[in-house]
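All remarks here apply to the structure that follows.
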Amino acid sequence: MEQLLRAELRTATLRAFGSPGAGCISEGRAYDTDAGPVFVKARQMFEGEMASLEALQTTGLVRVPRPIKVIDLPGGGAAFVMEHLKMRSLSRAFVLLVVISWCSGGLSSFLSQASKLGDQMADLHLYNQKLRDKSKAEENTVGRRAEGAEPQYVTKFGFHTVTCCGFIPQVNEWQDDWPTFFARHRLQAQLDLIEKDYADREARELWSQLQVKIPDLFCGLEIVPALLHGDLWSGNVAEDDSGPVIYDPASFYGHSEFELAIALMFGGFPRSFFTAYHRKIPKAPGFDRRLLLYQLFNYLNHWNHFGQGYRSPSLGTMRKLLK
């Protein structure tokens, strides 16, 4: 693969450094090149991740590794090359926060970074809404200048390409209606996989009752499509010397509340993150029950990735939503 990387990146220097990075889904390696350090991930489907990083980077509101290129490998597969950042894991700090909550200096810095990230994520979720407001204002302005290459307000829910949450591809076909998009392309898609692999009768019965009640959770709520990271759990955030960094996205335009569900799960983010976030985006009526609905997606996704250990929280969440 190194010969191919040299050719595709047009670099004479290609020197691996550090330890191979590995997660539960994919792995990668850092290299020095003529243009500076890069990080290379080897996996079959990276177009969605690259498109996600490009969309997030374009806003200028959150820090992500700069995507460089997806390279086809001989014999199949692909390598995804992106900017290498000297990141420090924030997820470890989340765990340490519980153990050493009485500490001062380092804890204060960590809480500050979490607060900054919450502030940035709120700005990201408001970005498309501000484009809408700007577009409406310009419609009422006589002789306004041509917009050229300026970003445009996205009116629908979805994304222009398939993305992967873990190793499961997600259909992102554009929809006018958020509850329809979420029920069809997120919950139903996950439950179809569970039916295929487990034929779980109780899951099938609970879903038949729940799906007709989903629109009720959104009554009277205006939902403006928001650009989401799509998988913002504590393992997908870090920091470097300039502040928070988010990575491994599965982006799409959806309801901003969806982003917060997994941020409360699997280790979770500290309170300072949510305090900063809700200063800019206050909780809407019915927030807590919709959060359960969004957490259901994450439990189902983990059931499909990691097996029956996630059956109980999946079915338990469905039962809570039916009460």
Side-chain angles (χ1 to χ4, degrees), residues 117-130 132-133 153-159 165 170 172 174-191 203 205-233 250-266 268-303 310 312-323:
L117 179 61
D119 193 68
Q120 291 174 348
M121 294 307 299
D123 286 340
L124 175 68
H125 292 168
L126 291 170
Y127 177 74
N128 194 48
Q129 180 178 315
K130 290 181 178 179
R132 180 197 64 175
D133 296 344
Y153 167 55
V154 175
T155 62
K156 298 186 177 185
F157 301 95
F159 204 51
C165 191
Q170 298 185 128
N172 291 315
W174 297 102
Q175 295 282 338
D176 294 314
D177 176 66
W178 166 249
T180 299
F181 175 90
F182 181 69
R184 180 180 302 170
H185 294 317
R186 293 299 181 264
L187 294 181
Q188 184 68 65
Q190 292 288 336
L191 284 153
E205 291 176 350
L206 288 170
W207 175 236
S208 69
Q209 299 172 56
L210 178 59
Q211 60 183 322
V212 297
K213 296 181 178 293
I214 289 176
D216 296 341
L217 297 174
F218 298 92
C219 285
L221 192 67
E222 181 192 19
I223 302 176
V224 178
L227 178 61
L228 307 179
H229 173 282
D231 191 17
L232 194 73
W233 73 291
S251 291
F252 63 99
Y253 283 86
H255 188 194
S256 57
E257 291 176 359
F258 174 87
E259 196 96 282
L260 301 183
I262 198 168
L264 283 164
M265 303 167 73
F266 314 125
F269 290 9
R271 184 178 298 177
S272 59
F273 170 89
F274 297 99
T275 299
Y277 182 92
H278 288 303
R279 282 197 199 102
K280 292 188 173 181
I281 306 180
K283 293 181 182 180
F287 173 87
D288 290 335
R289 287 192 63 77
R290 287 190 300 275
L291 200 66
L292 268 181
L293 184 70
Y294 295 144
Q295 288 179 336
L296 173 60
F297 163 78
N298 291 292
Y299 284 131
L300 293 171
N301 188 45
H302 275 63
W303 186 354
Y310 287 94
S312 179
S314 297
L315 301 187
T317 302
M318 294 172 84
R319 293 190 202 99
K320 288 179 184 177
L321 286 163
L322 287 169
K323 287 181 180 179

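The model shown is predicted, which means the values in this text are computed figures rather than measured ones.
Counting heavy atoms from C-beta outward, W178 and L221 have side chains that stay 4.5 Å or more apart. Taking 4.5 Å as the limit, every side-chain heavy atom of Q120 sits out of range of all side-chain heavy atoms of L124. Taking the side chain as every heavy atom from C-beta outward, L260 and F287 approach each other to under 4.5 Å. Using a 4.5 Å cut-off on side-chain heavy atoms (C-beta onward), W207 and M318 make contact. At a threshold of 4.5 Å between non-hydrogen side-chain atoms, the residues V154 and W174 count as touching. Between N172 and F181, some side-chain heavy-atom pair lies under the 4.5 Å cut-off. Side-chain atoms of Q295 and L264, non-hydrogen and from C-beta on, do get closer than 4.5 Å to each other.
Taking the six-membered ring where tryptophan is involved, the planes of F297 and F258 are tilted, since the angle between them lies from 30° to 60°. Taking the six-membered ring for Trp and thresholds of 30 and 60 degrees, F218 and Y294 have ring planes inclined between 30 and 60 degrees apart. By the 30° and 60° cut-offs, the orientation of the rings of Y277 relative to F273 is parallel. Using bins of under 30°, 30° to 60° and over 60° for the plane-to-plane angle, the ring pair F266/Y310 lands in the perpendicular bin. Aromatic ring orientation, H278 versus F274: parallel (interplanar angle below 30°, classes split at 30° and 60°).
When all heavy atoms are compared, the tightest approach of S251 to L227 is CB-CD1, 4.3 Å. Among all heavy-atom pairs drawn from L292 and L321, the shortest one is CB-CD2, 3.8 Å. The two residues A122 and I281 make their nearest non-hydrogen contact at O-CD1, 3.7 Å. Here the closest non-hydrogen pair linking H125 and A226 is O-CB, 3.4 Å. Minimum interatomic distance between E259 and H229 (heavy atoms only, all atoms of both residues): OE2-N, 2.8 Å. Of all non-hydrogen atoms in L296 and S314, the two that sit nearest each other are CD1-O, 3.4 Å.
Interatomic distance, CE of M121 versus CG of D119, reported as 11.5 Å (0.5 Å rounding). L293 CG to L187 CG: the interatomic distance, rounded to the nearest 0.5 Å, is 5.5 Å. Going from atom CD of Q190 over to atom SG of C165 covers 7.5 Å, rounded to the nearest 0.5 Å. Summarising the geometry, atom CD1 belonging to I214 is positioned 9.0 Å from atom CD belonging to Q188; distances are rounded to the nearest 0.5 Å. Atoms CZ and NE2, on R290 and H255 in that order, are 5.5 Å from each other to the nearest 0.5 Å.
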Chi angles and distances behind the side chain to side chain contact (heavy atoms under 4.5 Å, CB included) call for L291, E257: CA-CA 7 Å; L291 200 66; E257 291 176 359; 5.6 Å; no
Steps toward side chain to side chain contact (heavy atoms under 4.5 Å, CB included) verdict (L210, L322): CA-CA 6 Å; L210 178 59; L322 287 169; 4.1 Å; yes
For Y299 and M265, run side chain to side chain contact (heavy atoms under 4.5 Å, CB included): C-alpha distance rounded to whole Å, both residues' side-chain angles, the deciding distance at 0.1 Å, then the answer. CA-CA 10 Å; Y299 284 131; M265 303 167 73; 3.5 Å; yes
Taking it one step at a time, do N128 and Y153 satisfy side chain to side chain contact (heavy atoms under 4.5 Å, CB included)? CA-CA 6 Å; N128 194 48; Y153 167 55; 3.3 Å; yes
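The six-membered or imidazole ring of F157 lies away from that of F182, with a centre-to-centre distance of 6.0 Å or more.
Both tests pass for R186 against the ring of F252: distance under 6.0 Å to the centre and angle within 45° of the axis.
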